[in-house]
Trainee: 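One structure follows; several queries about it will come next.
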Amino acid sequence: MFKKLLDKLSGSKNPESSRYRHEMAKRISGHHIRYITEKINGVDEVIGREGSLNIKDDDLIVSTPSDTVLRCHIDEMQAWELLSHDGVVITAPDNEHGGVERTIIVHYVYYRK
């Protein structure tokens, strides 16, 4: 219990640091996805439903049952959780689709605890 408290207090607060990015990737990894949106031509469009967020090697992978929506290196991503903690915004070069920088919003499946 003390170790968890100490880790939480000593966690990186600098969003530009590698440590912060890896901690954020670990925090969001394993969440189940309800849907994924991306702003296209000024309109938020749903680009995927269901799926999960996973870490493989040094990559964060956002995938649905039919497609890999985003694959990025953790050190190159910027991510922040929504204020409701029901999702995350990820901005990163997408290695799955030619390295184009994309910003997606991933909304989690809500589970009652």
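Because only heavy atoms are used, hydrogens play no part in the values below, and waters and symmetry mates are left out as well, while side chains stay in.
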Trainee: Hey, does Gln78 have a side-chain heavy atom less than 4.5 Å from the side chain of Ile90?
Mentor: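 Counting from C-beta outward, Ile90 and Gln78 never come under 4.5 Å.
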Trainee: A quick test of your reading: do over 12 heavy atoms of other residues, nucleotides or ligands sit less than 6.0 Å from CG of Leu83?
Mentor: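 Count not over threshold, so no.
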Trainee: Side chains of His22 and Asp75: donor-acceptor distance under 3.5 Å anywhere?
Mentor: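 Result is yes, a qualifying pair exists.
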Trainee: Linking directly or through intermediates, with side-chain heavy atoms under 4.5 Å: list the remaining ILVMFWY members grouped with Leu82, chain and number order.
Mentor: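 Members besides Leu82, by chain and number: Trp80, Val89, Ile105.
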Trainee: Answer yes or no: is there a side-chain heavy-atom contact under 4.5 Å between Thr64 and Val69?
Mentor: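 Contact flag for Thr64/Val69 side chains = yes.
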Trainee: Would you please name every residue forming a salt bridge (charged side-chain N to carboxylate O under 4.0 Å, His left out) with Arg27, sequence neighbours left out?
Mentor: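 In terms of salt bridge (charged side-chain N to carboxylate O under 4.0 Å, His left out), with neighbours along the sequence ignored, Arg27 is linked to Glu81.
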Trainee: Let me know which of Leu60, Ile36, Val62 forms a side chain to side chain contact (heavy atoms under 4.5 Å, CB included) with Leu70.
Mentor: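 Single side chain to side chain contact (heavy atoms under 4.5 Å, CB included) partner of Leu70 among Leu60, Ile36, Val62: Val62.
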Trainee: Evaluate whether atom CZ of Arg102 has more than 12 neighbouring non-hydrogen atoms of other residues, nucleotides or ligands under 6.0 angstrom away.
Mentor: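 Atom CZ in Arg102 is crowded, with more than 12 foreign heavy atoms closer than 6.0 Å.
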Trainee: Mind listing the side-chain donor-acceptor pairs of residues 42-56 below 3.5 Å, one per line with the distance, residues two or more places apart or on another chain?
Mentor:
unit_1, atom_1, unit_2, atom_2, d
Ser52, OG, Asn54, ND2, 2.9

Trainee: Counting C-beta onward and ignoring hydrogens, is there a side-chain heavy-atom pair between Tyr108 and Val88 closer than 4.5 Å?
Mentor: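 Tyr108 vs Val88: side chains touch.
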Trainee: If only side-chain N and O atoms count, and only distance matters, is there a donor-acceptor pair under 3.5 Å linking His73 with Asp59?
Mentor: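 There is such a pair (donor and acceptor under 3.5 Å, judged by atom type) between the side chains of Asp59 and His73.
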Trainee: So, the side chain of His31 versus the backbone of Ile28: is there a donor-acceptor pair under 3.5 Å, distance only?
Mentor: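 Such a contact is found between His31 side chain and Ile28 backbone.
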Trainee: Hydrophobic clustering (ILVMFWY, side-chain heavy atoms < 4.5 Å, transitive) - are Val106 and Met24 grouped together?
Mentor: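 Both belong to a single hydrophobic cluster.
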Trainee: Is a donor on one side and an acceptor on the other found under 3.5 Å between the side chain of Asn95 and the backbone of Cys72?
Mentor: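 No, because the side chain of Asn95 does not come within donor-acceptor range (under 3.5 Å) of the backbone of Cys72.
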Trainee: Do Ile74 and Val100 share a hydrophobic cluster (ILVMFWY, side-chain heavy atoms under 4.5 Å, transitive)?
Mentor: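 Not linked; separate clusters.
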